[in-house]
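Reckoned from all heavy atoms, side chains included, excluding hydrogens, waters and symmetry mates.
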Amino acid sequence: RKEFVDLYMNYVFNESIRKPFEDFMKGFLRGCPARKWKMFLPVELQIVLQGHRTFNWHLLEKNAKYARYEKSDETIRNFWTVFHKLPEEKKKSFLVFVSGSDRIPGYGLEYFNFCIADPLANNPDELYPCAQTCYHTLVLPR
């Protein structure tokens, strides 16, 4: 029985996927040569490719920049009060809204550029918040 289980496990996890994996690896290595990836440990490579999965939301607040706002403005204070009360999944959804991804790039949250900008609208009650994902900017009417 042990030999059967060993052979079956080898087939399922190795032999049955060998050809598709070799094809994937060949294509992947054409765009990303292996010699450049060898400098990373597996954990580091995972962070480079997938980004960080854990967040320090207070660090995001600390490093936020403001355009036509001050950190002490009522709108900004209210925004961060509401943001910190959100459940984790909603915070990640916000991150997707602002950046297009629910993960922080491999360089870390302390270097993540995030800006909250005032659109300087005549009637801000007629505007919705919007985002410029390429610039990681939240356009937040007063």
What pairs with His84 under ring pair (Phe, Tyr, Trp, His ring centres under 6.0 Å), at least two apart in sequence or on another chain?
-> His58, Trp80
Compute the ring centroids of Phe79 and Phe94, then answer whether they are less than 6.0 Å apart.
-> yes
So salt bridge (Lys or Arg N to Asp or Glu O under 4.0 Å) across residues 68-77, not counting sequence neighbours, yields Asp73-Arg142
Around Glu3, counting heavy atoms of other residues, nucleotides and ligands shown, do more than 12 lie under 6.0 Å from its CD?
-> no
Please round to the nearest 0.5 Å and tell me the distance separating atom CG of Asp102 and atom CZ of Phe97.
-> 15.5 Å
side-chain contact (heavy atoms from CB on, under 4.5 Å) with Val48: which residues, sequence neighbours excluded?
-> Trp37, Phe40
Which residues share a side-chain contact (heavy atoms from CB on, under 4.5 Å) with Leu86, sequence neighbours left out | Phe83, Lys90, Lys91
To the nearest 0.5 Å, atom OH of Tyr69 lies from atom CD1 of Ile116 at 8.0 Å
Can you pull the salt bridge (Lys or Arg N to Asp or Glu O under 4.0 Å) pairs that have at least one residue in residues 124-133, sequence neighbours excluded?
-> none
Those residues at least two apart in sequence (or on a different chain) that pass side chain to side chain donor-acceptor pair (under 3.5 Å) with Gln46 are Gln50
Would you mind reporting whether Leu7 and Tyr11 have side-chain heavy atoms less than 4.5 Å apart?
-> no
With a cut-off of 3.5 Å and sequence neighbours excluded, list every side-chain donor-acceptor pair involving residues 127-140.
from: His136; atom 1: ND1; to: Asn113; atom 2: O; distance (Å): 3.2
from: Thr137; atom 1: OG1; to: Tyr135; atom 2: O; distance (Å): 3.2

Group every Ile, Leu, Val, Met, Phe, Trp and Tyr by side-chain heavy-atom contacts under 4.5 Å, then state whether Val98 and Val96 land in the same group.
-> no
Can you name the side-chain contact (heavy atoms from CB on, under 4.5 Å) partners of Asp6, sequence neighbours left out?
-> Lys2
Return the set of residues passing side chain to side chain donor-acceptor pair (under 3.5 Å) with Asn122 (not counting sequence neighbours), or none when no residue passes.
-> none
The side-chain contact (heavy atoms from CB on, under 4.5 Å) partners of Glu89 (sequence neighbours excluded) come to Lys92
From CG (Asn63) to CZ (Phe112), nearest 0.5 Å = 10.5 Å
Tell me whether Leu45 is reachable from Met39 by hopping between hydrophobic residues (I, L, V, M, F, W, Y) whose side-chain heavy atoms are closer than 4.5 Å.
-> yes
Honestly curious: do Phe21 and Leu29 fall in one hydrophobic cluster under the side-chain, below-4.5 Å linking rule?
-> yes
Under the side chain to side chain donor-acceptor pair (under 3.5 Å) test, which residues partner Arg1, sequence neighbours left out?
-> none
Smallest heavy-atom separation, Pro124 atom then Pro141 atom, equals O-CB, 3.6 Å
Gap between atom CZ of Phe55 and atom CG of Leu60 - 0.5 Å precision = 10.0 Å
All ring pair (Phe, Tyr, Trp, His ring centres under 6.0 Å) counterparts of Phe24, not counting sequence neighbours | Phe28
Got a second to check how far Tyr66's OH is from Phe114's CZ, nearest 0.5 Å?
-> 7.5 Å
